[in-house]
2 protein chains.
Amino acid sequence: MTNSVKSIFGQLGNFGQRIRELRENKGILLRQMAASLEIDTAIMSKFERGERKPNREQVKRIARFLKTDKNELLTLWLADKVQYIISEEMSLAEEALEIVKRNIKDETRTHTD
Amino acid sequence: MTNSVKSIFGQLGNFGQRIRELRENKGILLRQMAASLEIDTAIMSKFERGERKPNREQVKRIARFLKTDKNELLTLWLADKVQYIISEEMSLAEEALEIVKRNIKDETRTHTD
DNA sequence: CTTACATTTGACAAATTCTGTCAAGTCAAT
DNA sequence: ATTGACTTGACAGAATTTGTCAAATGTAAG
C-alpha cells in the first residue's frame with residue numbers, strides 16, 4: 001500500500017474496525033488474541049487498524065477465535081480490498097501534489113544555485 | 001493471476017475486449033500498435049486477452065493512440081481489477097476441485113503401487 | 001505443402017510488492 | 001520512573017509482477 005493512498009484515505013478498514021469492536025466487547029487484549037492465533041502482535045495491530053490485510057485463512061481463524069460469523073468477516077475483508085483498489089485510482093490529488101512537490105524542488109534548486 | 005482463477009473466469013476482460021475492438025475497427029495490426037506504443041507485442045496481446053493488466057500509464061497511452069476517451073478505458077480497466085479480486089474469492093469451486101484432484105492422485109498411487 | 005505473416009504461448013530473470021519478525025517507540029495508569 | 005498495552009518502522013526472505021525473448025500456433029496465398 002503506497003503511503004499517499006494510506007494517508008489520504010481511511011485508516012481503519014471495515015474489517016479491522018469490526019474485529020477490534022468484537023475483541024474489545026469480549027474484554028480480550030490484542031496481544032492475547034494475537035498469541036492465541038499465533039500471529040505477531042504487531043501484525044494483529046496492523047490488521048485492526050487496516051494497515052495490513054490478512055489472508056483468507058487468517059480471516060477464518062480470527063472469526064473462529066471471536067466466535068463470530070465467518071461470512072460477515074470475509075465480506076468486510078473483501079469490501080476492504082475492493083475499496084482499496086478503487087481509492088488507489090482516485091489519485092488526481094496525489095498527482096497534483098507530485099507536480100507541486102517537483103516544482104517546489106526546482107524552485108529551491110534555482111534559488112540556491 | 002492464479003491459473004485456476006484464469007481458467008474458471010473469463011478470458012477477455014472488459015478493457016481488453018474494448019481495445020481490440022477499437023484497434024480492429026481502425027484496421028491496425030496488433031504488432032503495429034504495440035510497436036507504436038513501445039510495448040512488446042506479446043504483452044499487448046496479453047492485454048487484449050485480459051491475461052495481463054496494464055498499468056495506469058499504459059492505459060492512458062493506449063487511449064491516446066486509439067484516439068478514444070481516456071476515461072472510458074480507465075473505467076473498464078478499473079472494473080476488471082475489481083472483478084478480478086472478487087472472482088478470486090469465489091474459490092469454493094477451486095477448493096473442491098483441489099480436493100478431488102488430490103483424491104484422484106491418491107487413488108492412482110494406491111492402484112499402481 | 002511450404003512460405004509468409006500475425007498472433008499466442010511459455011519460460012525466464014529482474015524488479016517490485018508482500019510478509020513475518022523484531023526492536024524501539026508512544027501512551028496511559030499507577 | 002515503572003509497568004503494561006499497543007504502535008511504529010526497518011529489515012530480510014518470500015511471493016508476485018514485469019518485460020523480453022524464442023518457439024509454437026494459426027491462417028491465407030501461392
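Side-chain atoms are counted along with the backbone in the values below, which use heavy atoms only and exclude waters and symmetry mates. Every chain is numbered from 1, with letters handed out A, B, ... down the list of sequences. Since the model is a prediction, treat every value here as computed from it, not as a measurement.
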Handout entry: D/dC6 phosphate, OP1 or OP2, under 4.0 Å from A/Ser45 side-chain N/O
Key = no
Fill in the blank from the handout: When rounded to whole Å, the CD1 to C1' distance for the pair A/Ile19 and D/dC6 reads 14 Å
Exercise for the section: Let me know the distance between CZ of B/Arg23 and C1' of C/dT7, rounded to the nearest Å. Expected result: 9 Å
Practice task
For B/Phe47 and C/dT9, give me the distance from atom CZ to atom C1', rounded to whole Å.
Solution key: 16 Å
Exercise for the section: Examine D/dT17: is either OP1 or OP2 under 4.0 Å from a nitrogen or oxygen in the side chain of B/Gln58? Give yes or no. Expected result: no
Problem - B/Arg20 side-chain proximity, nearest of C/dT7, C/dT9, C/dG20 - result: C/dT7
Practice task
Note down the inter-axis angle between the two ends of the helix from C/dC1-D/dG30 to C/dT30-D/dA1, five pairs each, to the nearest 10°.
Solution key: 30°
Practice task
Say whether B/Leu73 and B/Tyr84 are linked into one hydrophobic cluster, either directly or through other cluster members, by side-chain heavy-atom distances under 4.5 angstrom.
Solution key: no
Practice task
Check whether any side-chain N or O of B/Gln32 sits under 4.0 Å from OP1 or OP2 of C/dT7, and answer yes or no.
Solution key: no
Exercise for the section: Return the nearest nucleotide to the side chain of B/Thr41; candidates are C/dT8, D/dC6, D/dG19. Expected result: C/dT8
Handout entry: Atom-to-atom span, CZ of B/Arg49 to P of C/dA6 - whole angstrom
Key = 17 Å
Practice task
Please state how far atom NZ in B/Lys53 lies from atom C1' in C/dT16, giving the value in whole angstrom units.
Solution key: 14 Å
Practice task
Using whole Å, report how far CD of A/Glu48 lies from P of D/dT7.
Solution key: 7 Å
Handout entry: Integer-rounded Å distance: D/dG4 C1' and A/Leu30 CG
Key = 13 Å
Practice task
Provide, to the nearest angstrom, the distance between the CE atom belonging to A/Met44 and the P atom belonging to D/dT8.
Solution key: 15 Å
Completion exercise
Considering only heavy side-chain atoms of A/Arg31, the closest of C/dT9, D/dA5, D/dT7 is D/dA5
Completion exercise
Counting primed atoms, P, OP1 and OP2 as sugar-phosphate and everything else as base, the B/S/- map of nucleotides 21-30 of chain C against protein heavy atoms under 4.0 Å is BB--------
Fill in the blank from the handout: Once base and sugar-phosphate atoms are separated, protein heavy atoms under 4.0 Å mark nucleotides 24-30 of chain D, 5' to 3', with B, S and - as -------
